[in-house]
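From a predicted model like this one, the values you see are computed outputs, not experimental measurements.
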Amino acid sequence: MTDLADGFLYTFGAYPLFLITLGTVLGITVGAIPGLTGAMLIALTLPFTFYMPPVEGICLLVSMYVGAISGGLITATLLRMPGTPASVMTTFDGYPMARSGRPGRALGLGITASFVGGLISWVFLATLSQPLSDFAVRFGPFEYFTLVLMALVLIASVTQGSMIKGLLSGFLGMLVAMPGVDPSAGDLRLTFGYHELDAGLNLLPVLIGVFAVGQVISDIVGIEERAEAVTMDRRGIFLSVRDWMRHGLNMVRSSLIGTWVGILPGVGANIGSIIAYSGAKTFSKHPERFGTGSEEGIIASESANNATVGGALIPLIAMGIPGSVIDAILLGALLIHSIQPGPLLFVNNPEVVYTMIATALVANVIMFAVMLGAVGQVARLRSVPRAFLMPIILVFCVIGSYALGNRMFDVWVMLFFGVVGYFLERSRVPLGPFVIGLVLAPIAEESLRSGLMLSAGSYAPLVTRPISAVFLALSVVLLVWPIWRHYRQHRGARRGSH
């Protein structure tokens, strides 16, 4: 607890508190602009943290994460356009409530639920991270390999849409991580004669390309799209004691769902929001109101999607496994600053990990205050023409990629993966498995190679070591279960047709 107290003392310093406030406000702002995402913001900001102390850079990036997930509810409520994918479920009830003349009430419910979700998930973040890290210290290379394998299969199995597309996306990300030096033999591979690839593809240009440039291309293609806006009104934005009593159980339940979904590697805030929304509808006395302006629906969606932030940080801190796409970028940020995430993070860099935990809470409080106090001003961002934003974002993309190594090759890589990201999105191939496959593939390969060296080339420890055997069995179940369920449904449909 002393280390956590030191983390809070650091965050309350003038400059760190300024960075956290700046990051939270920027996150809310970007989250409130349709077409811009938290992943894009953090990927673009990453180059600016190169010359910052690691702790300050992490303060800025984590606060952006908290703000971006929250800011999406503004446009989801007033424009029926979720500012972030995490706010998709909020549009179902937030927009109808706003159109019925209660936009302040809809925003007040969403902001308060976001705050409660963030608080509850932070309690788990502060209490579970170190015990889980202590447990993970026992992991050997085979345990790490099977853990990463389970994470990749889990990402594909819970991805919205086709599981095959999720697996394909993950394998593409792993393939992109292959060029460069073989970690065991030290030989060059898949460089195709280009010396620029001798050290592999840099993570940052790929991330900026897939998330920022890909989104810019998508926005340019649909630049003329407009949505019917709702006039902002602050009436009802503050909840009464009666509201807290009526919706308290739903807030807690949805926050717990969001936290535990966030802990699952690669699942993300949108899945947590969907599950919590479905749960709230199941337990509701008035399920017929969902989709027409239900207060319970708004609370469930926003409690869960903000709770996934704290939940997703737990596996990142404790095991070095990203719990979401943004966490994969944060993992890259730690690696760029020569900090190795995982079980030894508490031992080697305690100041980083406890500052990250403290920042998550401080940013959540600042988010609540800013959203309640300045929601009217933030709501005006919905009218910013995207035609003005796109050139500015592209300039930052080029600067950020070039600054990494002062070479144009990284800019071309960024532009190439921008096109790749756009076509993956057009084809409904999820980007989450791609990025997480890209980040985790080197960890998986290095762990497997190390394990094989220790076992004289034997794969037997994958099934003879208890923890790796459990992870491997879970991977098989996660891979086979959706296929079996689809087969049963298809078979039942065929029988019904006869």
| How long is the gap from CZ on Phe48 to CG on Leu60, to the nearest 0.5 Å? | 10.5 Å

| message | Can a donor-acceptor pair be found, under 3.5 Å and without considering hydrogens, that links the side chain of Trp122 to the backbone of Val309? | response | no

| request: Check whether any side-chain N or O of Ser121 sits under 3.5 Å from a backbone N or O of Gly118 as a donor-acceptor pair, and report yes or no. | output: yes

| field | Flag side-chain contact, heavy atom, 4.5 Å: Phe8 against Thr355 | value | no

| message | Does Ile69 form a side-chain contact (heavy atoms from CB on, under 4.5 Å) with Tyr65? I'd like the steps, not just the answer. | response | CA-CA 6 Å; Ile69 297 295; Tyr65 186 7; 4.0 Å; yes

| message | Looking at Leu424, is its backbone amide N or carbonyl O close enough to the side chain of Ser427 to form a donor-acceptor pair, meaning the two atoms are under 3.5 Å apart? | response | no

| task | Give, for atom CD1 of Ile58 and atom CD1 of Ile339, the distance between the pair rounded to the nearest 0.5 Å. | result | 6.0 Å

| field | Close side-chain approach of Phe434 to Val206, heavy-atom, < 4.5 Å | value | yes

| Which atom names give the shortest non-hydrogen contact between Val463 and Ala469, and what distance separates them? | O-CB, 3.5 Å

| message | Below 30° counts as parallel, above 60° as perpendicular, anything between as tilted: where do the rings of Phe115 and Phe368 land? | response | parallel

| request: Kindly give the heavy-atom pair with the smallest separation between Pro141 and Ser450, and that separation in Å. | output: CB-CB, 4.1 Å

| What distance do Leu128 atom CG and Ile317 atom CD1 have between them, rounded to the nearest 0.5 Å? | 11.0 Å

| Ser303 and Asn250, any side-chain heavy atoms less than 4.5 Å apart | no

| query | Is a side-chain N or O of Asn364 found less than 3.5 angstrom from the main chain of Ala360, in a donor-acceptor match? | reply | no

| Looking at Ser468 and Pro461, what are the two nearest heavy atoms and their distance? | OG-O, 3.0 Å

| Enclosure of Phe171 CZ (heavy-atom neighbours >12, cutoff 6.0 Å) | no

| said: Within this structure, what is the CD1-OG1 distance for the pair Ile257 and Thr308, rounded to the nearest 0.5 Å? | reply: 12.5 Å

| request: State, yes or no, whether a side-chain contact exists between Thr29 and Leu41 at a heavy-atom distance under 4.5 Å. | output: no

| Do Val362 and Phe12 pass the side-chain contact (heavy atoms from CB on, under 4.5 Å) test, and can you show the C-alpha distance, the side-chain angles, and the key distance before you say yes or no? | CA-CA 9 Å; Val362 175; Phe12 286 124; 4.2 Å; yes

| task | For the pair Thr49 (side chain) and Gly57 (backbone), establish whether a donor and an acceptor sit closer than 3.5 Å, ignoring hydrogens and angles. | result | no

| said: To check you understand the geometry: which heavy-atom pair defines the closest contact between Asp410 and Pro205, and what is its length? | reply: O-CB, 3.4 Å

| task | Indicate yes or no: at least one non-hydrogen side-chain atom of Val429 is less than 4.5 angstrom from one of Glu425. | result | no

| task | Decide side-chain contact (heavy atoms from CB on, under 4.5 Å) for Leu73 and Met371; before the verdict, give the C-alpha distance in whole Å, the side-chain angles of both, and the deciding distance to 0.1 Å. | result | CA-CA 10 Å; Leu73 77 92; Met371 292 274 279; 3.8 Å; yes

| field | Check: Ser458 side chain, Ala460 main-chain N or O, donor-acceptor pair, under 3.5 Å | value | yes

| task | Could you check if a side-chain atom of Met367 sits within less than 4.5 angstrom of a side-chain atom of Ser114, using non-hydrogen atoms only? | result | yes

| Intermediate values then yes/no, side-chain contact (heavy atoms from CB on, under 4.5 Å), Leu119 and Val116 | CA-CA 5 Å; Leu119 285 183; Val116 171; 5.7 Å; no

| request: Identify which one of Val55, Asn349, Leu334 satisfies the side-chain contact (heavy atoms from CB on, under 4.5 Å) criterion when paired with Met356. | output: Leu334

| remark: d(Leu17 CG, Tyr10 OH) to nearest 0.5 Å is 11.5 Å

| Got a second to check how far Met178's CE is from Glu445's CD, nearest 0.5 Å? | 5.0 Å

| request: Taking the side chain as every heavy atom from C-beta outward, state whether Tyr354 and Asp6 have any atom pair closer than 4.5 Å. | output: no

| query | Is a side-chain donor or acceptor of Ser70 paired with a backbone partner of Val66 at a separation under 3.5 angstrom? | reply | yes

| task | Taking the side chain as every heavy atom from C-beta outward, state whether Leu201 and Phe417 have any pair of such atoms under 4.5 Å apart. | result | yes

